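Worksheet for the structure shown next.
Read the numbers this way: they start at 1 and go in the same order the structure lists the ligands and their atoms. All values derive from a computational prediction rather than experimental measurement. What you see below is based on every heavy atom in this structure, not just the backbone, and it leaves out hydrogens, waters and symmetry mates.
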Amino acid sequence: MSLHVVVVGAGIVGAATAIELLRDGCQVTIIEPGIPGGEQAASYGNGAWLSPGSIVPMSMPGLWRKVPGFLLDPLGPLTIRWKSLPTLMPWLVRFILSGSTVSRVEKTARALSALLADAPSRHGALAREAGVPHLIEQRGLLYVYPERAAFESEALAWRLRRDNGIRWIELEADELYQREPALDRRYRFGVLVEAGAHCVDPGEYVASLVRHAQSLGASLRRARVTGFDIQNGKLAAVLTDQGAIDCDRAVIAAGIRSRELAKAAGDRVSLASERGYHVVIKDPEVAPNAPVMPSDGKMANTLTTGGLRAAGQVELASVDAPPNWKRADVLLDHLRRTYPALPRDIAADRIKYWMGHRPSTPDGLPVIGPASATSDIIHAFGHGHVGLAAGPMTASLVAEIIGGRTPSAPITAYSASRF
Ligand SMILES: Cc1cc2nc3c(=O)[nH]c(=O)nc-3n(C[C@H](O)[C@H](O)[C@H](O)COP(=O)(O)OP(=O)(O)OC[C@H]3O[C@@H](n4cnc5c(N)ncnc54)[C@H](O)[C@@H]3O)c2cc1C
């Protein structure tokens, strides 16, 4: 008898996990209250980077000195809403501590590297299997700086990347402009990570993966999971607002909404929303050839099928607080300054704004592995800034755990018991 596994959530993590489990011969039910790949999911609106080099945690040594600035500048690249401060305090303290020493961030980078190193090839294979190879492109990922000194000021970040096998090409101004003619001339230095790739339509990609899972036999149920029926340490059923679903195993992949479900599975995890925004300019007059990360904006500029997307900003606030669209305006302004041939006045119907929730743990590592109440429930959430890229490797680890095989990468660092 094959195992019946319920996958909770159809973002990139749930979609990729469903496919891995089907490959292993499991019977799979995906439960999702929204549309797979829809705007409710972080997987829809992200920067679309499949970046093996995104192993540098947000919290780095010396960060605590910047906290007053985060509180005072509501439109800075990282901000904390005053109202949410009391609730966020425990998370913030852990966040600062997790990056307080070089050895801590080295450990985090190694654990992230295990999830991201082969992200481009895993996504390429997944997209081919799902019949949508055109949604993944490999043009490298380009980091641009006003001058070499600005790159050198990020020495620790680039050393962490080098130590974890990331190679790059340094581009002086002339070569940079040859590759990226549309780029503003205030950027005079670039770093190209050729191994990086991107997805040209993350929402459609996730939707395609779910359709592929259905074609392999998965069933998709429109419902919201509310808890679990656990009897004598065994999972009997997943509880939903549409009734109970009997099953042998469950995977919690509900993004930012995973915290309450983890609690129902016996684990108190520290998970906060690092809210992020995007702006998309439809039919842009100019666009970069490869995705670009300008050092002074810390946002991904990526040409997607919907237009030129700038995705970024970190806003620590409660999940249900209303969006502050001025933050998306900041992205739009920056985009115009990065590609000066974009017009000042762009018709409103060519511009689209979005806000979403990075499901973030304070140490920047996801939660992957068996739950405390029963090992029949597997956690697969908390991927913060890198969940799109890390989805396939996470899926692989989850399938290995459920299949009783030794995980192909150590999973201790991702354990829910670390909180
Ligand atoms: C602005 C921004 C830029 C980013 N850029 C990048 C990037 O360039 N590269 C990268 O790798 N990552 C990036 N990320 C991070 C990435 O998008 C996330 O880490 C990733 O999408 C998380 O995927 P997920 O499947 O865990 O969650 P989600 O995509 O949020 O999916 C969770 C799903 O679970 C469903 N759900 C919620 N509650 C329940 C419930 N009770 N029952 C059933 N289902 C439920 C939701 O409806 C949703 O569809 C970015 C994020 C943001 C916000």
Side-chain angles (χ1 to χ4, degrees), residues 6-18 29-54 112 115-116 119-120 123 141 196-199 202-203 205-207 209-210 220-227 238-242 245 250-261 264 271 273-279 291 293 298-302 304 309-315 319 327-328 331 354-361 364 366-368 379-395:
V6 166
V7 176
V8 184
I12 183 63
V13 176
T17 300
T29 302
I30 305 169
I31 305 186
E32 165 63 56
I35 293 169
E39 296 196 16
Q40 81 286 352
S43 300
Y44 169 88
N46 51 62
W49 282 38
L50 306 174
S51 167
S54 292
L112 281 177
L115 297 173
L116 296 173
H123 278 284
L141 297 168
H198 68 285
C199 176
Y205 179 45
V206 171
L209 295 184
V210 171
L220 174 65
R221 298 273 293 268
R222 193 95 182 241
R224 184 175 301 279
V225 173
T226 53
V238 165
L239 308 176
T240 82
D241 58 1
Q242 309 290 318
I245 299 175
V251 180
I252 302 178
I256 191 59
R257 304 286 173 183
S258 300
R259 188 176 51 192
E260 288 310 306
L261 297 175
L271 190 74
S273 167
E274 282 188 70
R275 294 145 54 108
Y277 292 77
H278 87 205
V279 59
M293 173 86 62
K298 295 287 177 215
M299 65 186 73
N301 300 164
T302 310
T304 63
R309 177 184 290 196
Q313 300 267 341
V314 172
E315 180 183 48
V319 181
R327 301 184 65 84
L331 295 172
W354 172 87
M355 190 276 287
H357 304 279
R358 297 180 188 88
S360 294
T361 61
V367 184
I368 305 171
H379 299 304
F381 60 87
H383 293 74
H385 291 243
V386 297
L388 179 68
M393 181 60 183
T394 302

Mark yes when over 12 heavy atoms from residues, nucleotides or ligands other than Ile35 sit less than 6.0 Å from its CD1; otherwise mark no.
no
What is the closest protein heavy atom to [atom], and at what distance does it sit?
atom: atom 12 (N) of ligand 1; value: His385 O, 2.9 Å
atom: atom 39 (C) of ligand 1; value: Ala254 CB, 3.8 Å
atom: atom 31 (O) of ligand 1; value: Gly11 CA, 3.4 Å
atom: atom 4 (C) of ligand 1; value: Asn46 CB, 3.2 Å
atom: atom 51 (C) of ligand 1; value: Arg358 CG, 3.4 Å
atom: atom 41 (N) of ligand 1; value: Val225 O, 3.0 Å
atom: atom 8 (O) of ligand 1; value: Trp49 N, 3.0 Å
atom: atom 25 (O) of ligand 1; value: Val13 N, 3.1 Å

Any donor-acceptor pair under 3.5 Å from [X] side chain to [Y] backbone:
X: Arg309; Y: Asn46; result: yes
X: Glu32; Y: Ala10; result: yes
X: His357; Y: Ser273; result: no
X: Arg224; Y: Pro33; result: no
X: Ser43; Y: Ile12; result: yes
X: Thr302; Y: Pro291; result: no
X: His379; Y: Ser258; result: no

His278 near ligand 1 by a heavy-atom separation under 4.0 Å
no
With a 4.0 Å cut-off on heavy atoms, is Ala300 in contact with ligand 1?
no
Which atoms of ligand 1 have any heavy atom of [X] under 4.0 Å away?
X: Ile31; answer: 43 (C), 44 (N)
X: Arg224; answer: 40 (C), 41 (N), 42 (N)
X: Arg257; answer: 37 (C), 38 (N)
X: Gly47; answer: 3 (C), 4 (C), 5 (N), 6 (C), 7 (C), 8 (O)
X: Tyr277; answer: 1 (C)
X: Val386; answer: 10 (C), 11 (O), 12 (N)
X: Ala389; answer: 10 (C), 11 (O)
X: Gly276; answer: 1 (C)

Please report the interatomic distance [atom1]([X]) to [atom2]([Y]), rounded to the nearest 0.5 Å.
X: Glu260; Y: Thr226; atom1: CD; atom2: OG1; result: 11.5 Å
X: Ser51; Y: Leu116; atom1: OG; atom2: CG; result: 7.0 Å
X: Ile245; Y: Thr29; atom1: CD1; atom2: OG1; result: 6.0 Å
X: Arg257; Y: Ile252; atom1: CZ; atom2: CD1; result: 15.0 Å

For [atom], which candidate among [options] provides the closest heavy atom?
atom: atom 19 (O) of ligand 1; options: Ala42, Gly384, Ser43; result: Gly384
atom: atom 46 (C) of ligand 1; options: Glu32, His198, Met355; result: Glu32
atom: atom 20 (C) of ligand 1; options: Gly387, Ala119, Gly391, Ser360; result: Gly387
atom: atom 27 (O) of ligand 1; options: Gly312, Ala41, Gly255; result: Gly255
atom: atom 45 (C) of ligand 1; options: Pro33, Ser258, Ala16, Pro359; result: Pro33

Specify side chain, backbone, both or neither for Ala48, according to which of its non-hydrogen atoms lie closer than 4.0 Å to ligand 1.
backbone
Quick look: Ala253 vs ligand 1, heavy-atom contacts under 4.0 Å, and the answer is backbone
Passes side chain to side chain contact (heavy atoms under 4.5 Å, CB included), Met299 versus Tyr277? Steps please.
CA-CA 10 Å; Met299 65 186 73; Tyr277 292 77; over 6 Å; no
Quick one: ring-ring contact (aromatic ring centres under 6.0 Å, His included) partners of His385, sequence neighbours excluded?
none
Quick check on side chain to side chain contact (heavy atoms under 4.5 Å, CB included): which of Leu271, Val8, Val13, Leu261 does Phe381 satisfy it with?
Leu271
Geometric N/O contact Ile12 with ligand 1, under 3.5 angstrom
yes
Test your reading of the structure: does Leu388 have an N or O sitting under 3.5 Å from an N or O of ligand 1?
yes
Can you tell which of Arg275, Lys298, Arg327, His278 makes a side-chain hydrogen bond (donor to acceptor under 3.5 Å, both in side chains) with Gln313?
Arg327
